2 protein chains.
Amino acid sequence: MQASLEIDGGGELTERQKDVLNAALRLLVEEGDRLTMTAVARRASCSKETLYKWFGDRDGLLIATVQWQASKVRVAPVDRARIDLPSLTASLEGFASDWLSVISSETSIALNRVAIARAGSDGHGLGAIVLDNGRIALARRLKPVLEAARGKGLLAFDDAETAFRSFFGLVARDVQIRLLLGDRLKLTEAEIGRDAALATRQFLALYGGER
Amino acid sequence: MQASLEIDGGGELTERQKDVLNAALRLLVEEGDRLTMTAVARRASCSKETLYKWFGDRDGLLIATVQWQASKVRVAPVDRARIDLPSLTASLEGFASDWLSVISSETSIALNRVAIARAGSDGHGLGAIVLDNGRIALARRLKPVLEAARGKGLLAFDDAETAFRSFFGLVARDVQIRLLLGDRLKLTEAEIGRDAALATRQFLALYGGER
DNA sequence: GCCGAACCGTAACGTACGGTACGGCGGGTC
DNA sequence: GACCCGCCGTACCGTACGTTACGGTTCGGC
């Protein structure tokens with residue numbers, strides 16, 4: 001089945017279906033791409049027939065699982081009224097530590113691994129979804145903040161996309177690729193806070209206005 | 001078979017074996033992780049029996065293939081005598097554009113995809129190899145340059161690792177994760193050059209000494 | 001010319017897994 | 001109570017693929 005390309009991923013799901021997807025998600029974290037339909041059915045205490053009726057095929061189940069996880073992490077848009085340097089700094093540090101927390105979480109690592117593994121062969125369904133709920137969602141939330149700050153003269157840049165990508169690089173650095181490749185790398189809360197503060201300071205040094 | 005963990009990956013290989021590994025490499029780029037032993041044998045015009053005799057099993061073949069590719073990209077160490085600001089700038093730009101070229105190449109993408117896909121389940125053999133020949137090799141070559149530049153007062157930092165990771169982030173930004181996830185993103189030579197120059201300028205702004 | 005080793009091509013085996021079919025059951029409706 | 005419907009559990013089917021086995025061919029050494 002070709003799962004419908006709806007934007008929201010958790011809309012018309014019954015509680016039972018959400019339970020099943022949560023089970024699939026946990027299994028995805030534990031087993032990676034080698035989870036089997038049988039294992040999902042057993043873990044969720046449902047029949048394979050039900051899995052196929054609800055999700056069509058294995059691909060449909062994976063897509064629904066990824067969309068379900070994505071729908072759980074939707075965040076409220078940032079309030080960008082009244083922005084000054086301290087609030088901008090705090091906001092950037094918040095974005096940075098949120099992002100570091102996400103990309104170092106077991107769930108994110110597992111989902112990115114599966115999406116990357118399948119990006120080569122299939123019609124890049126999962127990759128687009130993961131990208132859209134990761135990097136792209138971050139950009140959508142951050143760019144208005146950057147542009148508001150530029151409006152107040154707190155930042156100076158020509159292209160918000162370029163500025164965003166610099167911020168992204170300063171924050172993520174090599175963390176995600178190392179974790180995806182299996183590097184043992186434990187990020188504590190304190191380290192995330194320090195790294196976020198450093199990245200923010202560096203970003204302001206590069207893009208801060210009226211120095 | 002547990003392939004021996006030798007550091008060099010292309011040492012005791014006959015020409016015929018290199019041909020076979022090159023065929024496997026091409027197939028890996030085309031097919032990703034779903035390459036089959038039959039397909040490799042057919043592409044390399046050899047028998048499966050030979051594949052199993054030489055490489056033990058499918059894992060051994062994949063490991064040998066990744067090591068073989070890694071052995072091909074070994075580069076000469078950088079000459080760090082007589083360093084001044086122009087030569088440092090040129091050197092950093094060289095590192096940056098090399099790295100961007102590597103991570104945007106079909107081969108690197110395919111190898112990273114396979115290594116990431118298997119990093120969750122198997123004994124993280126491939127992930128460690130890819131990491132060691134990617135990020136870690138880059139750090140090994142770049143850090144002496146950074147430290148030499150610090151010795152001349154051209155750069156200022158406490159920890160070479162931290163400085164390196166900032167450089168890494170400024171160069172790579174979101175390029176690698178986007179490509180791994182299947183984002184269509186074509187980097188031209190000119191764009192790589194511009195991005196490398198920008199990253200270098202930003203890195204020097206953050207870590208340049210005696211301003 | 002003969003022998004053994006290495007190798008090619010292919011057939012065969014075993015298994016794992018995606019997908020389907022079916023019997024049973026509990027719960028809602030009349 | 002009779003009926004229906006959605007779902008569970010499980011057995012089953014077909015296939016793909018890793019792995020092994022085997023007959024035939026080439027080639028270097030004697």
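Owing to the predicted nature of the structure, the values given are computational and were not obtained by experimental measurement. Order of the sequence lines fixes the chain letters, A, B, ..., with proteins taken first and strands second; residue numbering starts at 1 for each chain.
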Nucleotide range of DNA chain C lying under 4.0 Å from chain A heavy atoms
C:dC17 to C:dC22

Could you check how far OH of A:Tyr52 sits from P of D:dC8, rounded to whole Å?
15 Å

Please name all residues satisfying side chain to side chain donor-acceptor pair (under 3.5 Å) with B:Thr188, sequence neighbours left out, ordered by chain then number.
B:Glu191

Heavy-atom check, side chain of A:Arg201 versus side chain of A:Thr89, under 4.5 Å:
no

Taking OP1 and OP2 of D:dC17, is either one under 4.0 Å from a side-chain nitrogen or oxygen of B:Thr38?
no

Between A:Ile103 and A:Leu179, which heavy-atom pair has the shortest distance, and what is it?
O-CD1, 3.7 Å

Can you list everything that forms a salt bridge (Lys or Arg N to Asp or Glu O under 4.0 Å) with B:Arg58? Sequence neighbours excluded, please.
B:Asp33

For the pair A:Gln17 (side chain) and A:Thr14 (backbone), establish whether a donor and an acceptor sit closer than 3.5 Å, ignoring hydrogens and angles.
yes

Using the side chain to side chain donor-acceptor pair (under 3.5 Å) rule, take A:Gln202 and A:Tyr207 through it: C-alpha gap first, then chi angles, then the decisive distance, then the call.
CA-CA 9 Å; A:Gln202 292 180 327; A:Tyr207 289 93; over 6 Å; no

How is A:Leu35 classified with respect to the nucleic acid when contacts are heavy atoms under 4.0 Å: base, sugar-phosphate, or nothing?
sugar-phosphate

Specify the separation, in whole Å, of atom CE of B:Met37 and atom C1' of D:dT20.
12 Å

List in numerical order all residues of residues 23-32 of chain A for which some heavy atom is under 4.0 Å away from an atom belonging to DNA chain C.
none

Mind checking what makes ring pair (Phe, Tyr, Trp, His ring centres under 6.0 Å) contact with A:Phe167, not counting sequence neighbours?
A:Phe203

Using a heavy-atom cut-off of 4.0 Å across all strands, would you classify B:Leu61 as base, sugar-phosphate, or nothing?
nothing

Mind listing the N/O atom pairs, protein and nucleotides 9-12 of chain D, below 3.5 Å?
none

Terminal axes of the helix from C:dG1-D:dC30 to C:dC30-D:dG1 (five pairs each): angle between them, nearest 10 degrees
0°

Test A:Asp158 against A:Thr162 for side chain to side chain donor-acceptor pair (under 3.5 Å), laying out the working first.
CA-CA 8 Å; A:Asp158 291 333; A:Thr162 303; over 6 Å; no

Is a donor on one side and an acceptor on the other found under 3.5 Å between the side chain of B:Ser105 and the backbone of B:Val102?
yes

By side chain to side chain contact (heavy atoms under 4.5 Å, CB included), which residues pair with B:Ala90, not counting sequence neighbours?
none

Take the protein atom CZ of A:Arg34 and the nucleotide atom P of D:dC17, then report the distance between them rounded to whole Å.
19 Å

Here the pair of heavy atoms bringing A:Phe157 nearest to A:Arg150 is O-NH1, 2.9 Å

Mind checking if A:Arg16 touches a base, just sugar-phosphate, or nothing, with heavy atoms under 4.0 Å?
sugar-phosphate

Side chain to side chain contact (heavy atoms under 4.5 Å, CB included) with A:Ala115: which residues, sequence neighbours excluded?
A:Leu126, A:Val130, B:Leu181

Just the table, please: protein N/O against nucleotides 13-16 of chain D N/O, every pair under 3.5 Å.
none

For B:Asp98, enumerate each residue passing the side chain to side chain donor-acceptor pair (under 3.5 Å) test, keeping only those at least two apart in sequence or located in another chain.
none

Rounding to a whole Å, what distance do you find between B:Asp59:CG and D:dC17:C1'?
14 Å

Any donor-acceptor pair under 3.5 Å from A:Ser91 side chain to A:Ser87 backbone
no

Side-chain polar contacts of residues 139-147 of chain B - donor-acceptor pairs under 3.5 angstrom, sequence neighbours left out - could you list them?
{"residue": "B:Arg140", "atom": "NH2", "partner": "B:Asp132", "partner atom": "O", "Å": "3.4"}
{"residue": "B:Lys143", "atom": "NZ", "partner": "B:Glu161", "partner atom": "OE1", "Å": "2.6"}

Ionic contact status for B:Glu189 with B:Arg194, cut-off 4.0 Å:
no

